[in-house]
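Every chain is numbered from 1 and lettered A, B, ... according to where its sequence line falls, protein lines coming before strand lines.
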Amino acid sequence: MPELPEVETVMRGLAPAMVGARIEAVELRRAGIRFPFPPRFGERLTGKRIEALTRRAKYLLVRLEGGETLIAHLGMSGSFRIEDMTPGAFHRERSKDPKHDHVVIRLDTGTVVTFNDPRRFGFMDLFATEGLETHPRLSALGDEPLAPGFDAARLAALLAGSRAPLKAALLDQKRIAGLGNIYVCEALHRAKLSPFRPAGDLADARGSPTRAAGALAKAIRAVLQEAITAGGSTLRDHRQADGALGYFQHAFEVYDREGAACSRPACAGTIARDAQSGRSTFYCPECQK
DNA sequence: AACACCCCCTGTCGGC
DNA sequence: TGCCGACAGGGGGTGT
């Protein structure tokens with residue numbers, strides 16, 4: 001599920017319910033998710049007011065009063081669910097998957113936020129807000145592709161000198177942070193670039209951006225922005241925090257469309273699927289060069 | 001330094 | 001129906 005647009009969607013869904021509220025109680029149903037929870041995790045959360053929610057790459061950051069920030073990553077299958085547990089509340093659903101509800105956070109507003117993660121590739125940690133960027137998981141992250149200044153020149157600089165296939169370089173979170181398998185495939189198709197082309201090709205001998213770099217930077221930003229507007233992509237049964245479904249998956253041009261006709265007008269190609277560093281790449285061999 | 005490969009864990013789906 | 005292998009949105013560690 002969660003690449004940048006999905007995490008952004010989750011963040012926007014959680015913010016109205018969480019920001020300003022105080023954490024009343026935290027229930028940890030196991031000792032950790034991918035990693036053990038930090039020492040005294042529950043105690044350090046309890047009683048704290050939530051000051052802000054932000055996102056860095058695919059990480060959700062929950063700033064708490066008292067100087068610490070909760071860092072959460074959804075891994076492959078993590079999701080948050082919001083329930084209004086106020087007495088008499090109309091919508092009081094029962095968990096469809098209680099087995100994988102690992103963390104339950106009760107707020108003083110009556111809202112309960114539950115983290116569910118079947119595969120347990122997600123994780124949570126607490127770290128000092130001041131110097132948060134030095135957290136081991138955050139310190140090496142590359143550029144935010146939606147930040148101002150992410151343009152052809154910046155992209156070319158990030159890829160210059162790399163002989164890695166373009167797809168692998170775009171997935172490298174140390175260069176660009178937040179892209180995953182789906183949006184890399186989609187952006188490359190939009191930019192008409194082959195996932196196998198050497199990444200360094202997007203910079204010329206002087207390191208200046210080629211025409212392809214311009215097309216790719218634009219495609220990356222457009223596909224991410226459109227996906228956020230659509231509420232992210234809902235694959236399998238993932239939902240947004242409020243239970244709504246994202247619908248960007250209907251806009252996929254290549255991802256999971258092996259064998260389908262290329263959607264590009266006047267292109268007679270058929271979407272192919274190949275493995276690249278152990279993961280599926282979907283692309284049109286006809287128009288992506 | 002930069003890659004390719006394997007693993008973490010669980011669920012689901014397609015083929016036989 | 002049941003079993004088994006392949007595969008899934010991420011990413012860290014290791015070995016070349």
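To the nearest angstrom, C1' of C:dC7 lies 12 Å from CD of A:Glu258. Between the CD atom of A:Gln276 and the P atom of B:dC3 there is a distance of 13 Å, rounded to whole Å. As a whole-Å value, the separation of A:Leu159 CG from B:dA2 C1' is 14 Å. At whole-Å resolution of the value, CZ in A:Phe252 and C1' in C:dA8 are 13 Å apart. The distance from atom NZ of A:Lys96 to atom P of B:dT12 is 14 Å, rounded to the nearest whole Å. Counting to the nearest Å, the P atom of C:dG10 and the CG atom of A:Leu60 are 16 Å from each other. The OH atom of A:Tyr255 sits 6 Å away from the P atom of C:dA8 (whole-angstrom rounding). Look at CG on A:Asp97: it is 13 Å from C1' on B:dT12, rounded to the nearest Å.
A:Tyr283 and A:Phe196 have perpendicular rings, their planes meeting at more than 60° on a 0 to 90° scale where under 30° would count as parallel.
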Using side chain to side chain contact (heavy atoms under 4.5 Å, CB included), reason through A:Phe252 and A:Cys185 one step at a time and then give a plain yes or no. CA-CA 9 Å; A:Phe252 291 169; A:Cys185 291; over 6 Å; no

Identify each atom pair where a protein N or O and an N or O of nucleotides 11-13 of chain C are less than 3.5 Å apart, giving names and distance.
from   : atom 1 : to       : atom 2 : distance (Å)
C:dG11 : OP1    : A:His73  : NE2    : 2.6
C:dG11 : OP2    : A:Lys58  : NZ     : 2.8
C:dG12 : OP1    : A:Arg137 : NH1    : 3.4

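Aromatic stacking of A:Phe121 on B:dC8: satisfied, with centres closer than 5.5 Å and planes within an angle under 30 degrees.
For the pair A:Arg137 and A:Phe127, the cation-pi criterion (under 6.0 Å, within 45° of the ring axis) is not fulfilled.
The side chain of A:Arg119 places no N or O atom within less than 4.0 Å of a non-bridging phosphate oxygen (OP1 or OP2) of B:dC7. At B:dC9, none of the side-chain N or O atoms of A:His100 fall inside 4.0 Å of OP1 or OP2 (strictly under the cut-off). Residue A:Ser280 places at least one side-chain N or O closer than 4.0 Å to OP1 or OP2 of C:dA8. Within the structure, every side-chain polar atom (N or O) of A:Ser162 is placed at least 4.0 Å from both OP1 and OP2 of B:dA1.
Remark: nothing in residues 197-210 of chain A comes within less than 4.0 Å of DNA chain B through any heavy atom.
Partners of A:Thr46 by side-chain contact (heavy atoms from CB on, under 4.5 Å), not counting sequence neighbours, listed by chain and number: A:Val26.
Legend: side chain to side chain donor-acceptor pair (under 3.5 Å) pairs involving residues 49-65 of chain A, not counting sequence neighbours, sorted by first then second residue: A:Glu8-A:Arg55, A:Arg22-A:Glu65, A:Glu51-A:Arg63, A:Arg55-A:Glu144, A:Arg56-A:Glu144. Evaluation of the side chain to side chain donor-acceptor pair (under 3.5 Å) test over residues 206-232 of chain A, restricted to residues two or more places apart or in two chains, returns A:Arg190-A:Glu226.
Side-chain N or O atoms of A:Glu3 include one that pairs as donor or acceptor with a backbone N or O of A:Ile182 at under 3.5 Å. A donor-acceptor pair is defined here as one N or O able to donate and one able to accept, closer than 3.5 Å; no such pair exists between the side chain of A:Asp101 and the backbone of A:Thr114.
Checking A:Leu4, A:Leu179, A:Leu188 one by one against A:Ile220, the side chain to side chain contact (heavy atoms under 4.5 Å, CB included) holds for a single residue, A:Leu179.
Taking a 6.0 Å sphere around NZ of A:Lys174, one finds it holds 12 or fewer heavy atoms contributed by other residues, nucleotides or ligands. The neighbour count for A:Glu133 CD, taken as heavy atoms of other residues, nucleotides or ligands under 6.0 Å away, is above 12.
Listed nucleotides B:dG11, C:dC7, B:dC3 differ in distance to A:Pro118; the shortest reach to its side chain belongs to B:dG11. Considering only side-chain atoms of A:Arg273, the nucleotide from B:dA4, C:dC7, C:dG10 that sits closest is C:dC7.
Two residues are said to be in side-chain contact when any heavy atoms from C-beta on lie closer than 4.5 Å; A:Glu286 and A:Cys262 fail this criterion.
In this structure, A:Gly180 reaches the sugar-phosphate backbone alone: every heavy-atom distance under 4.0 Å involves primed, P, OP1 or OP2 atoms, never a base.
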Under the 3.5 Å Watson-Crick or G-U criterion, the dot-bracket string of DNA chain C, with | for inter-strand pairs: .|||||||.|||||||

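Heavy-atom nearest nucleotides on DNA chain B were determined for A:Lys99 and for A:Arg163, and the one closer to the 5' end corresponds to A:Arg163.
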